[in-house]
Amino acid sequence: MKKEYSVSLKDLFFIFFKIGLFTFGGGYAMMAMMQQEFVEKRKWISAEDMLDIVAISESTPGPVAVNSATSLGYQMHGFWGAVVATVSEILPAFSIMYVLSLFLNEVMDVPIIKAAFNGIQCAVAVLILRAGFSLWKSIKKDVSSLFIFAVVSAVLLLVHIFQWNFSSLLCIIFGALVGLCVGLFSKEDKEETK
Amino acid sequence: MIYLLLFWTFFKIGLLAFGGGYAMIAPIQDAVLQYGWMDADTFSKFLGVCESTPGPIAINMATFIGSTQGGILGALTATIAVVLPAFTIIFLLCTVLKKVQEKPLVKSVLAGIRPAALGMIVVTGIWMMITCGFPIIEKATEWIDWKAIVIMAILFIIPVMYQKETGKKFSAISLIGISAVLGMGLYTW
């Protein structure tokens, strides 16, 4: 039985290659681009799915950028989707770094490029925030969600300010536990009213 | 053989480093210095280059190091090795998730995870904006003495509450005594 996927491998290749080529500034920047390409522009996945992908990418080892490509690719087109998405996202970086490695010494210090990237840093911050707010608009805002969001945000801000060693995995676990409790308690409610 | 070493080194890094890009730099740096692939000075310049080129830092580093140590095959080995653990885990995770995602408890767990993930994104964005415009904030722990602020707050509140409860003024000597104890406690932490 062949499964019909709405997104072709070719599409995945081109989109992820573009993401891999134009994203500077690491994992969250890539997720912001994925959010724009897949959730906003093409509406192939929902905001909820995107957040699931973010959570998975944060909970597993490895670079967040690669993890999110793998999970998104899987959602779009199963195993081969995961492979294509991952490979095509890495391909630009791989090619560039390989070529650079052949010219080892000359590329070590390029001030004008560093200057450009200082500017790009700002764009990255704005893009990530925009993605965050766009996702925020689309998700359910019930009490438990707001509570989790507030706690996680507050804790992470403190972690950043005080430079604590804190695994972001703990935030995911916290959310999972609260979600679990809510699910368990509402189940009990439903059983009581029977 | 260099390829085995590259594969094993980067596979371990790809398996054990949680939390994305920057968490992977430390183990890579350790390995690079340990095996003499680069000296410390070159490494920090190299880090700057990797931050400036597109793509995840870990990938950039793996490719470059693999290439300088073992040519194109080395680059491929290192890059694939660093990606493989995460890819496998995620693939397994997604397969399992697909099967259980309609179960009500799983749905509740996912519903809890989403706002957490959103919090992470938003805080990352906000923090990046703040440190972009105000880079000094990243060094906040260096130029702000939080412990002193906490102690001062305590020393302020105690007399006020004491006065409210008993109508008497809290003695200065007791205040100094308390501050000494707090200082011993906090500053040796």
Side-chain angles (χ1 to χ4, degrees), chain A residues 20-21 23-24 26-28 48 51-52 54-55 60-67 70-71 74 82 86 90 92-94 96-98 101 107-108 113 117 121-122 125 128-129 132 135-136 139 145 148-149 152-153 156-157 160-163 167-169 171-172 174-176 178-180 182-183, chain B residues 14-21 24 42 45-46 48-49 51-60 63-64 67-68 72 75 79 83 85-87 89-91 93-94 104-105 107-129 132 137 140-141 146:
Chain A
L21 183 57
T23 319
F24 304 84
Y28 278 97
E48 276 87 10
L51 287 173
D52 289 343
V54 172
T60 47
V64 167
V66 176
N67 294 352
T70 310
S71 8
Y74 181 83
T86 311
I90 291 179
F94 181 89
I96 291 176
M97 289 313 288
Y98 177 67
S101 71
V107 296
M108 283 306 182
I113 296 192
F117 286 101
Q121 242 328 53
C122 307
I128 293 177
L129 263 183
L135 289 168
W136 167 261
I139 66 159
S145 298
I148 295 171
F149 177 79
V152 168
S153 304
L156 284 177
L157 265 175
H160 276 301
I161 294 177
F162 290 95
Q163 312 255 309
S167 169
S168 36
L169 179 57
C171 297
I172 305 283
F174 171 74
V178 174
L180 188 61
V182 168
Chain B
L15 181 61
L16 299 172
F18 271 84
M24 306 190 78
T42 314
K45 289 200 191 139
F46 169 60
V49 172
E51 287 177 335
S52 312
T53 47
I57 283 199
I59 304 296
N60 292 348
T63 308
F64 191 98
S67 166
T68 53
I72 182 73
T79 311
V83 170
F87 182 90
I89 294 178
I90 289 179
F91 174 66
L93 193 58
C94 286
L105 271 187
K107 277 187 158 170
S108 308
V109 169
L110 287 177
I113 286 181
R114 287 184 195 123
L118 187 59
M120 291 164 76
I121 295 178
V122 170
V123 169
T124 302
I126 291 180
W127 183 250
M128 285 186 83
M129 276 191 84
C132 210
I137 299 264
T141 39
W146 302 103

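Within every chain, numbering begins at 1; the chains are lettered A, B, ... in the order of the sequence lines, protein sequences first and strands thereafter.
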Closest approach of [X] and [Y], non-hydrogen atoms and distance?
{"X": "A:Gly183", "Y": "B:Leu105", "result": "C-CD2, 4.2 Å"}
{"X": "B:Pro56", "Y": "A:Val66", "result": "CG-CG2, 3.9 Å"}
{"X": "A:Ser145", "Y": "B:Pro115", "result": "O-CB, 3.3 Å"}
{"X": "A:Ala55", "Y": "B:Ile113", "result": "CB-CG2, 3.0 Å"}
{"X": "B:Ile121", "Y": "A:Gly132", "result": "CG2-CA, 3.8 Å"}

With a 4.5 Å heavy-atom cut-off, do [X] and [Y] have their side chains touching?
{"X": "B:Val122", "Y": "A:Trp136", "answer": "no"}
{"X": "B:Met120", "Y": "A:Val54", "answer": "no"}
{"X": "A:Ser153", "Y": "B:Val123", "answer": "yes"}

What is the distance from atom [atom1] of [X] to atom [atom2] of [Y], rounded to the nearest 0.5 Å?
{"X": "A:Ile128", "Y": "B:Met128", "atom1": "CD1", "atom2": "CE", "answer": "4.5 Å"}
{"X": "B:Ile72", "Y": "A:Ser101", "atom1": "CD1", "atom2": "OG", "answer": "8.0 Å"}
{"X": "A:Phe94", "Y": "B:Thr63", "atom1": "CZ", "atom2": "OG1", "answer": "5.5 Å"}
{"X": "A:Leu21", "Y": "B:Thr53", "atom1": "CG", "atom2": "OG1", "answer": "11.0 Å"}

* Asked: Do the rings of B:Phe91 and A:Tyr74 sit parallel, tilted or perpendicular, given the 30° and 60° boundaries?
  -> perpendicular

* Relative to chain A, which of B:Ala116, B:Ala86, B:Cys132 shows the most heavy atom pairs under 4.5 Å? -> B:Ala116

* Among the listed options B:Asn60, B:Ile89, B:Ile126, B:Leu16, the residue most often paired with chain A at heavy-atom distances under 4.5 Å ->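 Max contact count across the listed options: B:Asn60.
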
* To do: Among A:Pro92, A:Ala65, A:Ser71, single out the residue with the greatest number of heavy-atom pairs under 4.5 Å to chain B.
  =>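 With the most close heavy-atom pairs to chain B, the winner is A:Ser71.
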
* To do: Determine the option with the most heavy-atom pairs under 4.5 angstrom with chain B, choosing from A:Ile96, A:Leu51, A:Asn67, A:Thr70.
  =>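 Looking at each option in turn, the highest pair count goes to A:Leu51.
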
* Asked: Looking only at atom types and distance, does a side-chain atom of B:Arg114 sit under 3.5 Å from a main-chain N or O of A:Glu48, one as donor and one as acceptor?
  ->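 Judged by distance alone, yes, a pair lies under 3.5 Å.
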
